[in-house]
Structure formats: C-alpha cells, structure tokens
Trainee: 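Sharing a structure here in structure tokens format.
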Amino acid sequence: SHQEQPHINSFITIAMLEPMKSFLSFGLALALAVPTVDGFAPVTYSSTLDLTAHNNAGLLSSLRAFSRSGRDDMDEDDEDDEDILLKSEEAEDWRSFRAKLVMSENSQKAAAAPSSNTSLSSVEEQTVEEDADGIGALFADEAATEPFFSSTETDPIKDTMTPLDPSQWAYESGTVIEKGSVILGGVEQDFGFGLRQQYFHKAAILILEHEESTFTQAIILNRPSDILLGDDVNEGVKWKVWFGGDVQGLDTVSPSIFCLHSLKEKRAVEASVRVMKDIQWTSFDSAKKLVKAGVAKPTDFWVFVGYAGWAPMQLMGELDRRSWYMVAADSQTLLKELARQGAGCDPRDAGLETWNLLMGMIGRRETAEENAGTFDDLMLKEWAFKHLLSKEGGGLFAEAGGPMSPEGVASSQELQKTSPIDRLLQRVSVVAKGEDITEGSLLRASSSDRSPFLLDDQVFHKSVVLVIMDDDSVSVGVILNRPVSKGMGLKITISDEPTGMSRYVEIPLRFGGSYSVKGNEPLLWLHCDPLLKEAKIGSPFGARSDGIWKCTASDMTEAVGKGMCSPEDFMVVSGVSVWTKGEGGVARGIQGEVASGRFEVIPSSKTEGVWAFLLKQQKLTSENLDHTLEAAEQTWAVGAISRSSVNKESNDNQLPPISGLGDNYDEEDNSFVFKSGVKVSDLSDDALRSWLTVFFLGNPSYEN
C-alpha cells in the first residue's frame, strides 16, 4: 500500500509469501525520505521476517531490529531531525503499524481456517467494510463466534468492558519491553501476589522509561483512589490521586508524582515527557503551573503517586517466570480507561475492570474468567480498602497512616514532610495501660475482625508472642504457636531407668520470627514447669519468675536425665521477631504495637493455660495442617477467655457465607470483602493458612 505523509514521501510494501508449514514469512521493503542538504533523498531498506503462527514475539523483535537498521547509517543531524518528526503529532505511529501487521496475521489465520458458513452475515459484511485499515481484525474471531460482551447474568466480566471501536487495539507482545508498553499482571505463575505486594495482582502498568542496561520505570494505571491532593498554587483546587507504585509512594517522605495527560498545547508539550502517541507526563509542579496559566484544567491530568521499578534484566526474568504479560495497546484504550476510572469508580473495586478489558483484548478472556473471585482478588480488594479509600469515604487510609490532613486533603508538602511512623504516633498519644509490658510478657495478636496482619506479616495473625527483651532501642519477642515441618531430634539417657538405655525423642521446632540468632545457642529452649523453676533449671525473663522460663539444651538434657520431667515439657524456638524503637525509646517497639491495637496483653493469670495448649501442638505436616491451625487458634483464644469457652471465639466467626450478591448483601458492611460473600475474618484465617502452606510446607499456592 502507498501512504502519503506531510513533508515526507514514504511507501511500505508488504508481500505475503507462500506459507510454509506453521511459519509465515513476510518480505518487507521500506523506502524513507531522508533529509539532505538539497532536500529529501530516498533510502531503501529491506528485511525478511519469520514468524510462528502462534507467537508474535519473533515478528516484534524482528520489526524492532528492522526499524533500527536504517538509522545506523544516518548521521547525528539526521537522527535529530527524525526525533522531531517522531514527536510530531502528524508522524505515523510505528506501534500502530506493528499492530496492523499482527492483526493482518490474525485475519489471515482466520481466513485460512475451515468454516461451515461460507457466506458473511450482514454484521460481518458491515465490519469488513468499516474496517478498511485492518485493526478491527483483532476482534474478528470472537465477534464471529461469541460476543465479546456477554449478556448472561453469570458472566463474571459482565459490564466491565470499555466499548471498543475499530481504532482501538491491543496484542500480546511476547518479551518486547519498550516505553509505552503495558505490563499486565499474570495469573499463571506459581507464587502470586496474594500474600504480599497485592497491588501488583492484576495490575495494568504503563512503562514510562526503559533502558535494558540500567532501569525500567513504570506506573500502575488501574489503582484509582478517592484521596485528594491539595494545591498550594491554585486556591481551592484538589487533585484526585492514583496509586502509581510502591517506590516513593503515598506513605514516603518524598513521594514521586507523575501527571499523565494528552494535552497538545505547545507549552504543555514542552513541559512534558512523551510516552507514546497522545500520552505524556509532567511533574505535579508543572501541572499546577499550567492550570494557573489557564493552559489546562485539573481534570486534564491523571495524578499518580509513586512508581514501580525494575533493575537491569529483572523484568525479563519475571517475564520468564510468567509473572506478567507484555502488551502493546493503543493510547485511546488507555485514556478511555483512565477517564472511566476518574469519573467515579469505587476504589474498592481495585481497577479489576481495566485488567479484564485488556486480557479480553489480547485473547485471554477465558483465563481472566477462570481466575475471577480468587483468594488473590479478595486480598487485592482488601489492600484497596486499606490504601485507596480514605477515612472520609469509609475506608482505612487515614487510620493506616496515610498522609491526610485534618480536612481530608493533603498537600504535596504535607506528603513530603511527615514520616509514616510519626503520623502513627500522632494518632497514638497514650500507650495502652493495664499490665506493664516487660520482658516475660505474653501477648496475643489483635482480636479485631479485620486482622491488622491480613495484608502482610500474616504469620502474626492469631499468634501468641513472648517478649524476651525490651530496651531503649528495640523490642524482641518469639512467636510460640507456629510449629514448623521440622523437629528437634534428641537422644536422651534417663539415669533412673533400670536399663539406663537411651531413647530417641523429637520435639516440634517452632518458628519464632524472621530474624536469626547467631552464636553458640541459636535455639531458644523454654519451659513453664513449677518443679523445674523450684530447682532453678534455667532462669526467668526479667523479673517475671511466675512466667515462662528460658534454659539451654544442656539444662533440658540434665533435667530429663535426672527424671525430673520429660522432653515433651520443653519447647524449642528458632528465630526471633524484632520491633525497633525511635530515638530515646519513644513509645514504639512492642509498646507501640500494643498501643496501635495490633497486639493485646495476655494477663499473667492465663500463662499456664496458654502453655498447656501450646504443648498440644505437633510438628507441621500437610496432613495435620488443619489440626495445627486449630490448636494454634485455641492457644490464642485461651489468652483472653476462660478455658471452658476456648472454642467460643472461633465458633462465633463461623457464620454461613453469603452465596452471591443477593438481597442480603450490604455494600457498606465492612465485615465482608467488597462485593463478595466472604467475611474479612475468614479471609484473614485463609491468609494465615496460605502463608503456612507456602513458607512452611513449600507448596506454591493455596486454594480456598
């Protein structure tokens, strides 16, 4: 085909050669008019591209090399002129050209496929006539067999798709990473984002900068919030915020703010960095100045706080592990999605509609449907409830330490001045009273329905913690009710037995925390036996002689050898948990954890009851996982209620789940995950179970 461009004559000839087996071979010849002293002179380049019928990556890599091959011979002045042409709104979008090649391949495959219907319907005829440029061929297969937008009540992606027109396109681009590409969160990797970094689950991420040898910078497009930024330049103006990523984000001292826009006014373009056709970004300061000058309105911008970053080759490695899908998409599809999100989408939906849309456009609709409503989806919605929904909107953003001013609007200066810990301390003015928290204190995790350990550190959910050290700089403790899949094997010789023979015993090893202890005694041995205390076997923590005591392996073998107790009366713990404090021992550390409601103090009168339930736990296996979790919960529960009612607290939470979103569903009932029948308390239990399954048993995933 021959295409005329302003100020430059170019033609692109594509000759389809005869297909050979599963390969398609394209011969391409490209003639460009290159500026010279006397005007424009044509320079011709040619290339042959091979491409499998099921993988576009070969085509895309070849096209990228092909597009660069001609430029190698240009001098620096010519390259500068080319850059100017590429930045011009009149320049041909190279990505669109590549898309047409991919669509052409798809349409050729569709035409070659056998069909029982040899005639076109009126709808198909109209599509062919209106789709002269071939872009709409991407959707031809689905349109002919199954409507892209289902009208059935059971379709989980119903009403989530942005209406498409022939100018919109998207395709999976294999491992081609470049500025303007979209990274879609994958759902086929062994380890997903349910337990950490939930914001990456089903994310649509736009690459702003990519240098293979240095760094890749991108922003998450589908995490809108109801959080507003104040404006110190334009009085009374507020800016809606999107979560852009975990690097220099909302809860950091110096957040990075990117203002995406599609403005074409010269001053706006000069103050911006081009990402792709019709999409640029500028700084927050520049955006405010453009509004002040009357060049733009606040609604012309989408404001992203924070970004996602990858080190050299890191993203490629994650692609190899199927963590992501690389996608090329047109700017209008992305802009329409941003406009829809800005028009009032509920942040608690976490932008899943955008991900579903793009998955459908790249031919992965079935994968999206199969992975709807999963554990990871629910965890993402809870992350959005905590981080994207302000307190004024009924969420937890301000309570979680978000940079909100008393009026509910934060300025960029407020975002950059106050540390998250200081913001927490501003809300925590009084340390919890009651029993003092000292070395030897027993704590249990919060009994709140919405566990503070739902989204991270799930191992602490319904945990029992022993404080073993507390000074001006740090608090150290050990989790007691987390046996692992290994045991401590011991050969014990009991002296008062007639034979004097040894016997082998195995004591469950317990996970105390993620910090290791170095030295001659890396393991912590514990007991709570009155006779051993009286015999001074070991020593108490601090001044709490009536609590749990520490001892050494030698103390244990000596006491057992003398027949004073059995090996099963002891516990052995590996690793510790650490809570740091601020300067001068301000009320942080474990005191701050209790003050913020993450932990509760167990009365000293409950110590023996807690210890008795701890000794019932066994070494963890896949077969006894349910029993281990039940025993751990009983231990946690007995720390707050009488032993006769140990099971009451957990049974109260075992309400029948709501099936579907029927008449009884209340969107504002925060005890349920948004738009689901799953109680948050049950999801917290599932998250703990998943954590143990992954990190203690080594299984890659956990299904509810």
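Side-chain atoms are counted along with the backbone in the values below, which use heavy atoms only and exclude waters and symmetry mates.
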Trainee: Which heavy atom in Trp549 sits nearest to a heavy atom in Lys536, and how many Å separate them?
Mentor: CZ3-CA, 4.3 Å
Trainee: For the residue pair Thr438 / Arg544, report whether a side-chain donor-acceptor contact shorter than 3.5 Å exists.
Mentor: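 Their side chains do contain a donor-acceptor pair, which is all the 3.5 Å distance test asks for.
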Trainee: For the residue pair Phe460 and Ser577, what are the closest heavy atoms and their distance?
Mentor: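 For Phe460 versus Ser577, the nearest heavy atoms are CZ-OG, 3.5 Å.
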Trainee: If only atom types and distance count, is the side chain of Gln458 paired as donor or acceptor with the main-chain N or O of Leu195 below 3.5 Å?
Mentor: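 Here the side-chain-to-backbone pair exists.
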Trainee: With a 4.5 Å cut-off on side-chain heavy atoms, are Arg482 and Leu688 touching?
Mentor: yes
Trainee: Kindly indicate whether the side chain of Trp355, heavy atoms from C-beta on, has any atom under 4.5 Å from the side chain of Asn222.
Mentor: yes
Trainee: Does the pair Arg196/Asp246 count as a salt bridge with the N-to-O cut at 4.0 Å?
Mentor: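 Answer for the salt bridge query: no.
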Trainee: Taking all atoms of both residues into account, what is the closest heavy-atom pair of Ser463 and Asn481, and its distance?
Mentor: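 Minimum heavy-atom contact is CA-OD1, 3.5 Å.
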Trainee: Okay, side chain of Glu600, backbone of Ser447: is any donor-acceptor separation there less than 3.5 Å?
Mentor: yes
Trainee: Nearest 0.5 angstrom please: Ser441 OG to Phe599 CZ, how far?
Mentor: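 Ser441 atom OG to Phe599 atom CZ measures 13.0 Å (nearest 0.5 Å).
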Trainee: Would you please say whether a donor-acceptor pair under 3.5 Å links the side chains of Gln248 and Ser256?
Mentor: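 The answer is yes; a qualifying pair exists.
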Trainee: Carefully, step by step, assess Met316 and Thr175 under the rule side-chain contact (heavy atoms from CB on, under 4.5 Å).
Mentor: CA-CA 7 Å; Met316 184 64 72; Thr175 57; 3.9 Å; yes
Trainee: Using 4.0 Å as the upper bound for N to carboxylate O, is an ion pair formed by Arg364 and Glu172?
Mentor: yes
Trainee: Assess the residue pair Ser473 and Asp471 against the criterion (side chain to side chain donor-acceptor pair (under 3.5 Å)); give the C-alpha distance rounded to whole Å, side-chain angles, the decisive distance to 0.1 Å, and a yes or no.
Mentor: CA-CA 6 Å; Ser473 60; Asp471 59 24; 3.1 Å; yes
Trainee: To the nearest 0.5 angstrom, please state how far the CH2 atom of Trp324 sits from the CG atom of Leu319.
Mentor: 9.0 Å
Trainee: With the threshold set at 4.0 Å, does a side-chain nitrogen-carboxylate oxygen contact exist between Asp626 and Arg689?
Mentor: yes
Trainee: For the aromatic rings, using the six-membered ring if either is Trp, is the centroid distance between Phe193 and Trp383 under 6.0 Å?
Mentor: no
Trainee: Side chain of Asp529, backbone of Leu532: donor and acceptor closer than 3.5 Å?
Mentor: yes
Trainee: To the nearest 0.5 Å, what is the distance between CH2 (Trp636) and CG (Leu614)?
Mentor: 14.5 Å
Trainee: To the nearest 0.5 angstrom, please state how far the CD1 atom of Ile183 sits from the CD1 atom of Ile219.
Mentor: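 The distance works out to 11.0 Å.
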Trainee: Just checking, any donor-acceptor pair under 3.5 angstrom between side chains of Gln617 and Arg510?
Mentor: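 Yes.
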Trainee: Dump the intermediate steps for side-chain contact (heavy atoms from CB on, under 4.5 Å) on Lys202 and Asp377, then the final yes or no.
Mentor: CA-CA 8 Å; Lys202 293 186 177 179; Asp377 280 7; 3.0 Å; yes
Trainee: Is it the case that the side chain of Ser690 and the backbone of Asp686 share a donor-acceptor pair, with hydrogens and angles ignored and the cut-off at 3.5 Å?
Mentor: no
Trainee: Set out, in order, the CA-CA distance, both residues' side-chain angles and the distance that settles side chain to side chain donor-acceptor pair (under 3.5 Å) for Thr621 and Asn624, then state yes or no.
Mentor: CA-CA 5 Å; Thr621 65; Asn624 72 2; 3.1 Å; yes
Trainee: I need the minimum non-hydrogen distance between Leu455 and Gln198, along with the two atoms involved.
Mentor: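 The pair with the smallest heavy-atom distance is O-NE2, 2.9 Å.
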Trainee: Between Asp470 and Ser475, is a side chain to side chain donor-acceptor pair (under 3.5 Å) present by the stated rule, with each step listed?
Mentor: CA-CA 4 Å; Asp470 188 61; Ser475 300; 2.5 Å; yes
Trainee: For the pair Arg223 (side chain) and Ala350 (backbone), establish whether a donor and an acceptor sit closer than 3.5 Å, ignoring hydrogens and angles.
Mentor: yes
Trainee: Start with the C-alpha gap between Val465 and Leu480, add the side-chain angles, then the distance that decides, and say whether side-chain contact (heavy atoms from CB on, under 4.5 Å) holds.
Mentor: CA-CA 6 Å; Val465 172; Leu480 297 181; over 6 Å; no
Trainee: State, without any angle test, whether Thr552 and Asp555 hold a side-chain donor-acceptor pair at a distance under 3.5 Å.
Mentor: yes
Trainee: If you look at every heavy atom in Ala535 and Met564, which pair is closest and at what distance?
Mentor: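 Closest pair (atom of Ala535, atom of Met564, distance): CB-CE, 3.5 Å.
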Trainee: Is it the case that more than 12 heavy atoms not belonging to Lys533 sit under 6.0 Å from its NZ atom?
Mentor: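 Count over threshold, so yes.
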Trainee: Do Lys619 and Glu506 sit within salt-bridge range, that is, some charged N less than 4.0 Å from a carboxylate O?
Mentor: yes
Trainee: With a 4.0 Å cut-off, would you call Glu558 and Lys562 a salt bridge?
Mentor: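 Lys562 and Glu558: salt-bridged.
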Trainee: Out of the candidates Lys581, Arg598, Arg444, only one should pair with Glu593 under the salt bridge (Lys or Arg N to Asp or Glu O under 4.0 Å) rule; please name it.
Mentor: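 Testing each of Lys581, Arg598, Arg444 against Glu593, the sole residue satisfying salt bridge (Lys or Arg N to Asp or Glu O under 4.0 Å) is Arg598.
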Trainee: So, taking the atom named CD in Glu439 and the one named CG in Leu466, what distance separates them when rounded to the nearest 0.5 Å?
Mentor: 10.0 Å
Trainee: Would you compute the distance between atom NE2 of His210 and atom CH2 of Trp310 and round it to the nearest 0.5 angstrom?
Mentor: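 Here the rounded value is 11.0 Å.
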Trainee: Carefully, step by step, assess Arg450 and Glu382 under the rule salt bridge (Lys or Arg N to Asp or Glu O under 4.0 Å).
Mentor: CA-CA 9 Å; Arg450 178 169 270 103; Glu382 278 300 296; 2.8 Å; yes
Trainee: Would you name the heavy atoms of Ser448 and Ser446 that are closest together and state the gap between them?
Mentor: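 Nearest heavy atoms, Ser448 then Ser446: N-OG, 3.0 Å.
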Trainee: Charged N to carboxylate O below 4.0 Å: is that the case for Lys675 and Asp349?
Mentor: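 Counted as a salt bridge, because a side-chain N and a carboxylate O are separated by less than 4.0 Å.
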Trainee: Does the Asp682 side chain pair with the main chain of Val678, one donor and one acceptor, at a distance under 3.5 Å?
Mentor: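 Here the side-chain-to-backbone pair does not exist.
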Trainee: List the steps, then state whether side-chain contact (heavy atoms from CB on, under 4.5 Å) holds for Ile602 with Thr607.
Mentor: CA-CA 8 Å; Ile602 296 176; Thr607 300; 5.8 Å; no
Trainee: Verify ring-ring contact (aromatic ring centres under 6.0 Å, His included) between Phe674 and Phe385, making sure each step is shown before the conclusion.
Mentor: CA-CA 8 Å; Phe674 186 62; Phe385 178 75; 8.9 Å; no
Trainee: Taking it one step at a time, do Trp691 and Phe696 satisfy ring-ring contact (aromatic ring centres under 6.0 Å, His included)?
Mentor: CA-CA 8 Å; Trp691 196 98; Phe696 284 179; 5.1 Å; yes
Trainee: Would you say the side chain of Asp190 lies within less than 4.5 Å of the side chain of Arg322, judging by non-hydrogen atoms?
Mentor: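 A side-chain contact under 4.5 Å exists here.
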Trainee: Parallel, tilted or perpendicular: which describes the rings of His527 and Phe570, with under 30° parallel and over 60° perpendicular?
Mentor: perpendicular
